[in-house]
Amino acid sequence: MMNTIRFIILILTSINVFGQNKQFFYEYKFIRDSTNVKNFEKEMMVLNIDNNKSEFYSFEKYKSDSTLNADSKKGIFSMPPNIKMNKDRVVRNINTQKIEFITPLEPYRYSVSQNIDLKWKILAEFNNILGYNVQKATTEFGGRKWIAWFSKEIPIQSGPYKFFGLPGLILKMEDLHKSHIFELKGIKATKGDFNYPYVNNYKDVKVTYPKYVKIFKNFRKNPMAGSVGAFPDQTDANGVFHSGNEIFRQFEKTALEELKQDNNIIELDLLK
């Protein structure tokens, strides 16, 4: 993790550079399982600002998708690395409150249109992050109370995940119980337009947010619903026959066990 941070950290100290395209790198620390609060996971996330558009995504997922996209153009079929990565993306026109939330739920990749109306309370508390003066603000979102530290020295009303709307970039964002923490670690100036690499490994579906909430809750109850009948009968290396239904049930059991441990998601409202 530290090697990744060292690789991407490029701190820009002049306020004049903020007219350029840029990428803000956040370390995302989170507790996946509320019954195991000592197990913090970490992932590097990127907030890309480009021509009035912001895009927030996982650095590892971006690298993986870039490789898959390049291989696909060469006619090569390749598989993503077998590691846990945040697969969600948040895209926003920075002049509006509307976002596009892109998230996969097998076998679909949903593009969710959502309006975000955060009610911020700006407080007279100050700190310093990466040499920038920051001010504290609070809000409520997704069933959690949040604390933000933003800097007017970076005049961009944006931040990690679905958080924005303060008079400066949000450098740090954490919920009250510190289950989810985003903290800026570096800034990089970029050139040219940014286009996230498209990987055609899901069926793309556009939905409204209320529709997505129903889909998400149904998925949590039955994560393999989209794969019914997808597993053929087969014989393993030891010559033992397994029916397609038997294989399906084993995958279903594994998926439900993983979801049971993923009980501390960033938007707790979705689990109600």
Side-chain angles (χ1 to χ4, degrees), residues 24-34 37 40-49 53-58 86-105 110-125 127 129 134-152 154 156-184 207-217 219-220 259 262-272:
F24 299 92
F25 294 88
Y26 291 83
E27 180 185 67
Y28 176 32
K29 294 175 60 179
F30 58 98
I31 298 172
R32 189 183 300 275
D33 184 354
S34 62
V37 296
F40 260 107
E41 298 182 42
K42 295 181 182 180
E43 187 166 1
M44 189 59 64
M45 308 295 291
V46 183
L47 175 64
N48 191 92
I49 303 293
K53 184 183 77 171
S54 72
E55 192 154 355
F56 187 72
Y57 53 88
S58 158
N86 190 310
K87 298 179 181 180
D88 300 334
R89 284 193 290 138
V90 180
V91 182
R92 182 177 72 92
N93 181 320
I94 60 176
N95 297 313
T96 72
Q97 292 182 308
K98 191 173 184 178
I99 68 164
E100 181 184 13
F101 179 54
I102 302 166
T103 182
L105 295 176
Y110 292 99
S111 177
V112 186
S113 178
Q114 182 179 4
N115 286 312
I116 305 292
D117 186 17
L118 298 170
K119 306 299 184 185
W120 292 104
K121 181 179 181 181
I122 298 177
L123 306 175
E125 295 185 40
N127 209 327
I129 297 176
V134 294
Q135 187 171 358
K136 187 176 182 179
T138 60
T139 192
E140 293 186 16
F141 175 74
R144 295 181 186 273
K145 294 181 179 180
W146 294 88
I147 298 170
W149 293 94
F150 69 96
S151 177
K152 294 181 180 179
I154 306 178
I156 298 172
Q157 294 189 19
S158 195
Y161 192 55
K162 300 178 181 180
F163 298 105
F164 61 90
L166 286 167
L169 183 73
I170 299 171
L171 273 60
K172 185 174 182 179
M173 195 84 205
E174 63 183 358
D175 73 294
L176 195 62
H177 299 290
K178 299 185 184 298
S179 291
H180 296 268
I181 304 170
F182 299 92
E183 185 168 2
L184 187 69
V207 296
T208 62
Y209 183 71
K211 178 67 174 178
Y212 169 72
V213 171
K214 293 179 181 179
I215 292 170
F216 179 85
K217 291 184 176 182
F219 177 83
R220 296 285 300 197
L259 287 175
D262 186 25
N263 55 52
N264 195 34
I265 63 174
I266 192 167
E267 296 185 48
L268 278 177
D269 280 353
L270 290 173
L271 296 182
K272 294 180 179 179

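FYI, side chains are in, hydrogens and waters are out, and symmetry mates aren't considered; it's all heavy atoms of this structure.
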Could you list the donor-acceptor pairs under 3.5 angstrom formed by side chains in residues 161-172, with sequence neighbours left out?
from   : atom 1 : to     : atom 2 : distance (Å)
Tyr161 : OH     : Glu267 : OE2    : 2.5
Lys162 : NZ     : Gln114 : OE1    : 2.9
Lys162 : NZ     : Glu267 : OE2    : 2.8

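Of all heavy-atom pairs between Lys178 and Ile31, the closest is O-CD1, 4.3 Å. Nearest heavy-atom pair across Phe141 and Trp146 is O-NE1, 3.0 Å. The two residues Ala137 and Trp120 come nearest to each other via the heavy atoms CB-CE3, 3.9 Å. For the pair Leu270 and Tyr209, the tightest heavy-atom approach, listed with the atom from each and the gap, is CD2-OH, 3.8 Å. The two atoms that bring Ser54 and Leu47 nearest to each other are CB-CD1, 4.0 Å, heavy atoms only.
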Candidate pair Val91 and Phe56, rule side-chain contact (heavy atoms from CB on, under 4.5 Å), full reasoning: CA-CA 7 Å; Val91 182; Phe56 187 72; over 6 Å; no

I'd like to know whether Val46 forms a side-chain contact (heavy atoms from CB on, under 4.5 Å) with Tyr26, so could you lay out the CA-CA distance, the side-chain angles of the two residues, the decisive distance to 0.1 Å, and finally the verdict. CA-CA 6 Å; Val46 183; Tyr26 291 83; over 6 Å; no

Report the C-alpha separation of Glu41 and Glu43 in whole Å, then their side-chain angles, then the decisive distance to 0.1 Å, and conclude whether the side-chain contact (heavy atoms from CB on, under 4.5 Å) test is met. CA-CA 7 Å; Glu41 298 182 42; Glu43 187 166 1; over 6 Å; no

Begin with the C-alpha distance, continue with both residues' side-chain angles, and end with the deciding distance and a verdict on side-chain contact (heavy atoms from CB on, under 4.5 Å) for Lys87 and Thr103. CA-CA 6 Å; Lys87 298 179 181 180; Thr103 182; over 6 Å; no

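Rounding to the nearest 0.5 angstrom, the gap separating the CD1 atom in Ile181 from the NZ atom in Lys42 is 10.0 Å. Atoms NE2 and CZ, from His180 and Phe182 in turn, are 8.0 Å apart once rounded to the nearest 0.5 Å. Atom CZ in Phe24 sits 8.5 Å away from atom OG in Ser158 (nearest 0.5 Å). To the nearest 0.5 Å, the span separating CG on Leu268 from OG on Ser34 amounts to 8.5 Å. Put simply, OG on Ser111 and CD on Glu100 are 3.0 Å apart, with the number rounded to the nearest 0.5 Å. Taken to the nearest 0.5 Å, the CD1 atom of Ile116 stands 4.0 Å off from the CD1 atom of Ile99.
In terms of modelled atom types and a separation under 3.5 Å, the side chain of Gln135 and the main chain of Leu123 share a donor-acceptor contact. Not one N or O on the side chain of Asn264 forms a donor-acceptor pair closer than 3.5 Å with the backbone of Arg32. Between the side chain of Arg144 and the main chain of Ile266, a donor-acceptor pair closer than 3.5 Å is present. Between the side chain of Trp149 and the main chain of Ile129, no donor-acceptor pair closer than 3.5 Å is present.
Looking at Phe101 and Val207, their side chains never come closer than 4.5 Å, going by heavy atoms from C-beta outward. No side-chain heavy atom of Val112 sits under 4.5 Å from any side-chain heavy atom of Ile102. In this structure the side chain of Met45 never reaches within 4.5 angstrom of the side chain of Phe25, judged on heavy atoms. In this structure, Tyr212 and Leu105 have side chains that are in contact, with non-hydrogen atoms separated by less than 4.5 Å.
Under the rule for a salt bridge (charged side-chain N to carboxylate O under 4.0 Å, His left out), Lys98 has no partner lying at least two apart in sequence or in another chain. Here Phe30 pairs with Tyr28 under the ring-ring contact (aromatic ring centres under 6.0 Å, His included) rule; sequence neighbours left out. Annotation: salt bridge (charged side-chain N to carboxylate O under 4.0 Å, His left out) contacts of Lys211 (sequence neighbours excluded): none. For Glu140, the salt bridge (charged side-chain N to carboxylate O under 4.0 Å, His left out) test picks out no residue, with sequence neighbours left out.
Note on Arg89 versus Glu55: salt bridge recorded, some NZ/NE/NH1/NH2 to OD/OE distance being below 4.0 Å.
The local environment of NZ in Lys53 is crowded, with over 12 non-hydrogen atoms from other residues, nucleotides or ligands closer than 6.0 Å.
Applying the salt bridge (Lys or Arg N to Asp or Glu O under 4.0 Å) definition to pairs two or more places apart or across chains, those involving residues 115-125 are Asp117-Lys119, Glu125-Lys136.
With 3.5 Å as the limit, one finds a donor-acceptor pair spanning the side chains of Asn263 and Asp33.
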